[in-house]
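Below is one structure, written out as structure tokens; the observations come after it.
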Amino acid sequence: MPITLASIKANLDSKIGEKMMVIAQAGRKKVTKRKGTLHETYPSVFVIDLDQEENAFERVSYSYADLLTKTIKIEFADDQQTAAS
């Protein structure tokens with residue numbers, strides 16, 4: 001079954017409040033990693049509250065299209081723990 005924007009949103013809706021890491025392409029051969037908590041999902045975007053110890057700003061938002069086009073990758077803390085076991 002092909003991945004759609006609606007299926008990405010539905011998946012993220014079930015993970016609101018969970019810790020996560022966002023790996024984003026910031027240019028040629030440059031990658032940024034940010035840790036935070038999935039705060040809210042909207043029809044076109046989702047919002048992440050960032051950890052204040054590591055970041056200069058409070059929140060960041062991305063569109064579901066960023067995930068679909070693989071401009072960003074997200075990893076949830078519970079997924080990392082099960083992969084490490």
Side-chain angles (χ1 to χ4, degrees):
M1 180 171 158
I3 297 173
T4 64
L5 296 176
S7 65
I8 292 171
K9 182 183 182 316
N11 189 16
L12 288 177
D13 283 342
S14 67
K15 301 215 180 238
I16 290 177
E18 292 188 24
K19 294 278 187 189
M20 63 187 299
M21 179 187 294
V22 178
I23 304 163
Q25 299 293 327
R28 288 185 60 185
K29 298 183 183 181
K30 187 172 181 186
V31 175
T32 59
K33 293 182 180 181
R34 295 186 176 125
K35 291 181 183 176
T37 306
L38 183 60
H39 176 71
E40 187 85 36
T41 58
Y42 294 99
S44 299
V45 297
F46 58 98
V47 178
I48 301 168
D49 285 335
L50 298 175
D51 292 341
Q52 292 302 302
E53 300 87 38
E54 300 177 9
N55 299 289
F57 40 94
E58 281 186 43
R59 291 188 178 119
V60 66
S61 63
Y62 296 101
S63 70
Y64 303 113
D66 292 334
L67 285 170
L68 187 64
T69 60
K70 299 184 178 162
T71 304
I72 65 168
K73 290 170 53 176
I74 57 174
E75 298 174 355
F76 287 93
D78 61 348
D79 295 341
Q80 291 174 358
Q81 290 173 354
T82 56
S85 313

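Nothing here was measured: the structure is a model prediction, and the numbers come from that model.
Scored by the side-chain hydrogen bond (donor to acceptor under 3.5 Å, both in side chains) test, T71 finds T69 as partners (sequence neighbours excluded). Here N11 pairs with nothing under the side-chain hydrogen bond (donor to acceptor under 3.5 Å, both in side chains) rule; sequence neighbours left out. For S14, there are no side-chain hydrogen bond (donor to acceptor under 3.5 Å, both in side chains) partners two or more places apart in sequence or in a different chain. Under the side-chain hydrogen bond (donor to acceptor under 3.5 Å, both in side chains) criterion, D51 pairs with no residue, sequence neighbours left out.
Taking hydrophobic clusters as Ile, Leu, Val, Met, Phe, Trp and Tyr residues chained together by side-chain heavy-atom distances below 4.5 Å, I16 shares a cluster with L50. I23 and V47 are assigned to two separate hydrophobic clusters, defined by single-linkage of ILVMFWY side chains at heavy-atom distances under 4.5 Å. Criterion: ILVMFWY side-chain heavy atoms under 4.5 Å apart, direct or through other members. Under it, I74 and L68 are part of a common hydrophobic cluster.
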Audit row: V22, I48, side-chain contact (heavy atoms from CB on, under 4.5 Å) steps and yes/no | CA-CA 9 Å; V22 178; I48 301 168; 3.2 Å; yes
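When every heavy atom of L12 is checked against every heavy atom of L38, the shortest pair comes out as O-CD2, 3.3 Å.
Annotation: ring pair (Phe, Tyr, Trp, His ring centres under 6.0 Å) contacts involving residues 44-65, sequence neighbours excluded, comprise F46-Y64. The salt bridge (charged side-chain N to carboxylate O under 4.0 Å, His left out) pairs that include a residue from residues 52-69 are D49-R59, where partners are two or more places apart or lie in different chains. Sorted by first and then second residue, the salt bridge (charged side-chain N to carboxylate O under 4.0 Å, His left out) pairs with a member in residues 4-13 read K9-D13; sequence neighbours excluded.
Put simply, CE on M20 and NZ on K35 are 13.0 Å apart, with the number rounded to the nearest 0.5 Å. Atom OG1 in T41 sits 10.0 Å away from atom NE2 in H39 (nearest 0.5 Å).
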Output side-chain donor-acceptor pairs under 3.5 Å for residues 25-32, partner residues at least two apart or in another chain, one line each.
none

